[in-house]
Protein chains: 2
Amino acid sequence: MSKGITSRGEDYSQWYNDLVVKADLAEHSAVRGCMVIKPYGYAIWERMQAVLDKRFKETGHSNAYFPLFIPKSFFSKEASHVEGFATECAVVTHYRLKNDGTGNIIVDEEAKLEEELIVRPTSETIIWNTYRGWVESYRDLPILVNQWANVVRWEMRTRLFLRTAEFLWQEGHTAHATEAEAIEEAERMLDVYAEFAEGTLAVPVIRGRKTENERFAGALDTYCIEALMQDGKALQAGTSHFLGQNFAKAFDVKFTSKEGKLDHVWATSWGVSTRLMGALIMAHSDDQGLVLPPKLAPIQIVIVPIFRTEEEKQAIDNYVDALSSELKGRDISVKYDDRDTQRPGFKFAEWELKGVPLRIALGARDMANGTVELARRDNQTKETVSQEGLADYVVALLDEIQEAIYTKALTFRDEHITPVESYDEFKSVLDGKGGFVSCHWDGTVETEKRVKEETKATIRCIPLDVKEEEGICIFTGKPSRHRVLFAKAY
Amino acid sequence: MSKGITSRGEDYSQWYNDLVVKADLAEHSAVRGCMVIKPYGYAIWERMQAVLDKRFKETGHSNAYFPLFIPKSFFSKEASHVEGFATECAVVTHYRLKNDGTGNIIVDEEAKLEEELIVRPTSETIIWNTYRGWVESYRDLPILVNQWANVVRWEMRTRLFLRTAEFLWQEGHTAHATEAEAIEEAERMLDVYAEFAEGTLAVPVIRGRKTENERFAGALDTYCIEALMQDGKALQAGTSHFLGQNFAKAFDVKFTSKEGKLDHVWATSWGVSTRLMGALIMAHSDDQGLVLPPKLAPIQIVIVPIFRTEEEKQAIDNYVDALSSELKGRDISVKYDDRDTQRPGFKFAEWELKGVPLRIALGARDMANGTVELARRDNQTKETVSQEGLADYVVALLDEIQEAIYTKALTFRDEHITPVESYDEFKSVLDGKGGFVSCHWDGTVETEKRVKEETKATIRCIPLDVKEEEGICIFTGKPSRHRVLFAKAY
């Protein structure tokens with residue numbers, strides 16, 4: 001098959017767009033900025049959801065569901081929050097269409113809402129308005145709730161998965177009796193995200209804090225995990241916010257403490273979205289197509305028979321039946337691609353494009369020798385191995401592949417964290433190999449903005465493990481106490 | 001604890017409303033007609049989703065995701081479809097808010113959409129517009145796709161779970177090369193729903209076809225499952241539609257057949273929603289609270305310790321630890337309610353309200369005797385049983401409870417299908433014990449509408465297993481070839 005994918009070297013951005021469409025992950029819809037997530041792409045997202053949902057429950061959270069719509073007035077109750085979202089939200093103004101008498105369907109102006117509704121861009125406001133009814137005393141706390149939902153942010157420039165007007169995500173919203181407990185929760189969920197990114201997506205991440213400028217609208221502190229893509233640009237892969245008492249104050253959510261004192265509740269929120277699909281694709285894939293870590297691959301092993309006669313096919317079928325059952329019994333997802341409409345070479349290319357981690361091919365000679373040919377997607381190596389003990393072998397190999405994909409990304413990432421001491425050096429790294437630039441900064445929003453204007457780089461985070469170190473800001477020469485990480489970002 | 005639930009005898013409708021709120025299933029939100037599904041209610045919905053999703057996949061379907069918004073023009077392409085939904089849809093007209101200069105947040109009139117967007121009330125139009133790009137030849141068929149999503153229908157009179165402006169559901173949308181295959185699919189999915197309703201929800205259902213009048217807007221045939229609630233009203237618990245080539249024609253979806261002929265694709269769609277939560281509650285619950293079938297109960301067994309001293313508590317704790325592990329190992333969800341802030345009687349009432357199928361209570365005397373007290377939620381019986389072999393015993397008992405709940409509902413339902421031969425008899429049954437009334441009808445929309453106006457009863461379905469039988473319409477006296485089922489319905 002002809003893959004029709006631009007190479008990364010030629011045009012990284014076009015390579016990404018081609019790959020998302022050709023690998024059947026997603027496509028643009030007829031609605032501006034909204035995507036269709038196709039079955040193969042959605043199957044990967046479902047695997048992400050399953051792993052995350054399990055971790056959320058293990059850490060004490062329950063799922064719930066809150067309205068899609070937010071009254072405009074709620075939206076305005078937290079000042080910085082409305083500023084952050086007002087310029088990009090879908091507004092519902094009417095609740096009925098009608099026939100205009102000539103057969104045209106038009107909006108029925110008589111069915112105008114008294115108060116406009118905003119399609120949620122995030123749910124802090126509607127949720128905190130609800131929590132007011134759930135909390136009276138410290139006994140009602142903590143509330144540890146998560147929601148899987150669609151949200152809408154009317155982005156003007158969209159890209160499949162990375163930036164779409166509608167996207168899918170989860171948003172955790174928790175309520176606590178103390179500041180310390182809320183901060184602990186925000187940090188715990190950042191760890192859950194980081195472990196998920198590294199252990200499941202095989203994407204190494206830097207855990208850090210956002211600067212004031214890059215904080216979530218309404219947060220006192222935004223924790224984030226930052227990943228690095230193959231083109232040297234960073235991607236924020238998840239955020240966890242300590243919201244202080246801002247939303248509790250805006251929505252009057254108070255509780256009586258053990259000591260009988262009335263106080264506002266402390267809050268966190270945290271989320272990851274279908275953007276992770278973009279991170280997954282850009283971190284690992286190559287010019288041949290997707291490279292999926294085994295833990296997320298909807299098909300982990302594809303088996304392709306190579307035969308000339310029906311008799312040969314029959315012998316292979318029998319063997320594959322037994323092998324498939326054995327692998328399924330170990331929770332390996334296997335596909336036997338015995339279509340007679342396509343040649344093996346076409347099938348190899350198709351499954352390569354779709355990122356299936358391991359391919360087993362076998363023909364008459366293999367059957368005679370008691371072997372199969374194993375091909376790894378990640379490093380494109382092939383080997384001939386015995387059919388005896390094959391299930392054990394491939395189960396271990398899938399783990400090895402998961403690890404190898406992570407290690408490769410980690411090596412790349414680590415090679416792309418560059419300490420610099422001057423603004424010239426800073427610009428030269430950004431224009432050259434890219435990646436994270438580690439440098440001193442004077443701590444002001446003003447400097448951050450000017451650097452962004454001049455170089456497009458932003459402060460991705462102040463790493464949680466940052467070291468105290470005297471230095472001077474590369475831009476202003478003012479004193480600084482620690483480094484931060486700049487990068488161009490998605 | 002005081003439950004604060006109206007009794008069914010006093011006011012069935014109020015009983016339902018009280019129960020939904022008091023058992024922590026859902027509550028009204030600040031947005032007209034939209035509900036908040038609380039963690040306990042959502043946990044039940046998640047169990048429904050898990051069982052259905054597994055069945056969808058076993059029957060060859062994959063999940064995908066399509067946009068929340070539908071361009072107004074799409075919506076109008078299928079004539080009967082737009083008629084069915086135009087009068088109750090949320091319309092997005094703008095994509096930005098702004099500060100009016102005095103601090104008020106208002107809709108930015110400059111950010112008006114060129115074409116209004118409808119928040120999906122169902123997704124046939126946007127999905128069939130997408131399928132046009134997916135289908136060229138018979139090799140691309142069938143498409144077997146399902147979507148889990150939120151939808152909005154601007155209902156004027158809403159009730160939690162039963163009728164809300166926004167609700168959660170799944171919608172399957174399949175595309176086929178032949179009419180026969182599409183009909184087979186629609187019937188297969190009706191069977192999946194019926195088996196789910198009976199086997200998991202423990203709600204017996206009648207499988208049937210809707211009359212023309214009650215068909216889905218755009219369908220050639222609507223299959224349905226109809227359940228009976230304890231107040232004698234029917235509830236449509238799921239529908240599966242054979243859409244013919246209506247949507248393929250409206251969206252120009254054609255394929256080349258094996259024989260090289262160009263033809264429009266055949267379609268089905270099928271869905272169930274959070275309405276099932278309403279069916280579940282109204283079919284089984286009683287004046288003491290929820291009655292949940294074990295297969296859907298978020299907590300299947302609650303264990304309540306009864307003790308006076310710390311020493312007694314310690315002995316019970318040790319035993320419960322071991323028992324809980326054993327039960328969890330068998331996939332039983334267990335809660336040990338050892339709160340020291342509430343008395344056992346309070347806990348008994350609370351878990352009764354929440355419908356936990358089985359309660360184990362044990363005190364010092366039980367520990368001495370090697371027994372526990374088992375209380376069944378469904379029939380309110382108690383027994384003292386040995387601690388030896390307890391895990392085996394309760395696992396079997398949970399199955400028995402599942403079966404008993406179903407049998408009780410089935411007996412009730414069967415007692416409430418009444419054949420009648422005259423309109424007087426018809427009205428007297430409807431005003432009396434209610435339920436399904438089986439009678440002859442002349443097959444006209446006109447008669448159906450008049451009966452509805454006079455009695456509020458509608459034809460719930462023509463049962464799939466209906467027998468050919470000569471008779472006369474109870475309303476017009478015209479000839480009829482088979483009976484139909486009328487009922488008042490939710």
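Residue numbers begin at 1 in each chain, while the letters A, B, ... track the order of the sequences.
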How about A:N150 and B:Y65: do any of their side-chain heavy atoms sit closer than 4.5 Å? yes

Side chain, backbone, both or neither: which part of A:E88 has an atom under 4.5 Å from a heavy atom of chain B? backbone

Is chain B contacted by the side chain of A:I143, its backbone, both, or neither, given a heavy-atom distance below 4.5 Å? neither

Gap between atom SG of A:C34 and atom CG of B:L117 - 0.5 Å precision: 7.5 Å

B:E110, CD: over 12 other non-hydrogen atoms inside 6.0 angstrom: no

Given heavy-atom pairs under 4.5 angstrom as the criterion, report whether the side chain, backbone, both or neither of A:Q147 touches chain B. neither

Find the distance between NE2 (B:H94) and OG1 (A:T93) and round it off to the nearest 0.5 Å. 6.5 Å

More than 12 heavy atoms of other residues, nucleotides or ligands under 6.0 Å from CD of A:Q342: is that the case? yes

Which portion of B:I127 sits near chain A, non-hydrogen atoms under 4.5 angstrom: neither

Segment of B:D24 engaging chain A (4.5 angstrom heavy-atom cut-off): neither

Need one label for A:K57: side chain, backbone, both or neither, based on atoms under 4.5 Å from any heavy atom in chain B. side chain

Chain B shares the most heavy-atom pairs under 4.5 Å, among A:E46, A:M35, A:E83, with A:E46

Could you go through the side-chain contact (heavy atoms from CB on, under 4.5 Å) check for B:W134 and A:V36 one step at a time? CA-CA 12 Å; B:W134 293 9; A:V36 172; 4.0 Å; yes

Within 6.0 angstrom of A:E115 CD, more than 12 heavy atoms from elsewhere: yes

Going from CG on B:N63 to NZ on A:K38, what distance comes out if it is rounded to the nearest 0.5 angstrom? 15.5 Å

From B:I106 CD1 over to A:E116 CD, what is the distance, rounded to the nearest 0.5 angstrom? 9.0 Å

Portion of A:Y40 that has a non-hydrogen atom of chain B nearer than 4.5 angstrom: neither

Determine the minimum heavy-atom distance between A:F69 and B:A90, stating which atoms define it. CZ-CB, 4.0 Å

Taking side chain as everything from C-beta outward and backbone as N, CA, C, O, which of these in B:F85 sits under 4.5 Å from a heavy atom of chain A? Side chain, backbone, both or neither. neither

For B:R343, is the CZ atom crowded, meaning more than 12 foreign heavy atoms sit under 6.0 Å from it? no

Side chain from CB out, backbone as N, CA, C, O: work out which of these in B:E27 comes under 4.5 Å of a heavy atom of chain A, or both, or neither. side chain

Could you state the interatomic distance from CZ (B:F66) to OG (A:S29), rounded to the nearest 0.5 Å? 10.0 Å

Please determine whether side-chain contact (heavy atoms from CB on, under 4.5 Å) holds for the pair B:V119 and A:L68, giving the CA-CA distance in whole Å, both sets of side-chain angles, and the decisive distance to 0.1 Å. CA-CA 10 Å; B:V119 180; A:L68 171 67; 4.0 Å; yes

Can you confirm whether A:R139 is buried at CZ, in the sense that more than 12 heavy atoms of other residues, nucleotides or ligands lie under 6.0 Å from that atom? no

Can you say whether the rings of A:Y95 and B:W154 are parallel (under 30°), tilted (30 to 60°) or perpendicular (over 60°)? parallel

